[in-house]
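Notes follow the structure.
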Amino acid sequence: IAAIAEECRRAFKTEAEEATQIGAYGRWLAQQSANMDETVRRLARSLETKLTGEEKEQLFGMVERVASIEGGGLSEGQRRTLENLARQLG
């Protein structure tokens, strides 16, 4: 969790406390949905008008780095989910 919070701190240029809250919100959002497609739909709806193209690329890089913290990279299912998010964000 600390490594994820550190990644959020660097990516969003926030203080440690806010970065921890961002990570906690992400975990909470993922737990609220019955499946990852629903989580991605919710996330995309929330972010599509708030992020620039550059920020979207930073988000995707951050997701890949966070995924590698515990297992060395994205699984095929996670990669498909990330591609789905990219399509939804345009």
Side-chain angles (χ1 to χ4, degrees):
I1 292 176
I4 293 169
E6 177 59 21
E7 184 61 41
C8 289
R9 188 193 65 72
R10 280 194 308 260
F12 298 116
K13 297 175 179 61
T14 66
E15 297 297 323
E17 184 176 335
E18 185 176 4
T20 299
Q21 291 172 354
I22 291 168
Y25 175 71
R27 286 190 303 281
W28 175 83
L29 179 63
Q31 293 170 349
Q32 299 307 304
S33 300
N35 61 56
M36 285 309 296
D37 289 335
E38 176 64 18
T39 300
V40 166
R41 187 185 64 74
R42 287 180 180 191
L43 182 61
R45 187 176 57 208
S46 174
L47 295 177
E48 65 186 336
T49 61
K50 296 179 178 137
L51 299 179
T52 66
E54 182 179 334
E55 289 169 331
K56 289 174 189 176
E57 289 302 316
Q58 290 172 350
L59 172 66
F60 299 135
M62 185 182 80
V63 168
E64 290 199 26
R65 288 188 299 276
V66 166
S68 71
I69 289 170
E70 293 189 11
L74 297 173
S75 69
E76 186 60 33
Q78 290 170 322
R79 190 160 302 286
R80 281 193 307 269
T81 298
L82 187 58
E83 289 167 359
N84 185 18
L85 176 60
R87 276 192 305 280
Q88 290 186 38
L89 286 177

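If you read the sequence from its start, that first residue is 1, and numbering goes on from there.
Minimum heavy-atom separation, Cys8 to Met62: CA-SD, 4.2 Å.
Atom CZ of Arg9 and atom CD1 of Ile4 lie 15.0 Å apart (nearest 0.5 Å). Once rounded to the nearest 0.5 Å, the distance linking CD1 of Ile22 with CD of Glu7 reads 11.5 Å.
Partners of Glu18 according to the salt bridge (Lys or Arg N to Asp or Glu O under 4.0 Å) rule, which considers only residues two or more places apart in sequence or in another chain, do not exist here. Taking Ala5 as the reference, Thr20 meet the side-chain contact (heavy atoms from CB on, under 4.5 Å) condition, with sequence neighbours excluded. For Asp37, the side-chain contact (heavy atoms from CB on, under 4.5 Å) test picks out Asn35, Asn84, with sequence neighbours left out. Legend: residues meeting ring pair (Phe, Tyr, Trp, His ring centres under 6.0 Å) with Phe60, ordered by chain and number and at least two apart, are absent.
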Listing, residues 76-83 side-chain donor-acceptor contacts under 3.5 Å, not counting sequence neighbours, or none:
residue	atom	partner	partner atom	Å
Gln78	OE1	Ser75	N	2.8
Gln78	OE1	Ser75	OG	3.3
Thr81	OG1	Gly77	O	3.0

Pairs of donor and acceptor atoms involving the side chains of residues 44-51, under 3.5 Å and at least two apart or interchain, shall be tabulated with distances.
residue	atom	partner	partner atom	Å
Lys50	NZ	Ser46	O	3.1

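Looking only at side-chain heavy atoms (C-beta outward), Gln58 and Glu55 come within less than 4.5 Å of each other.
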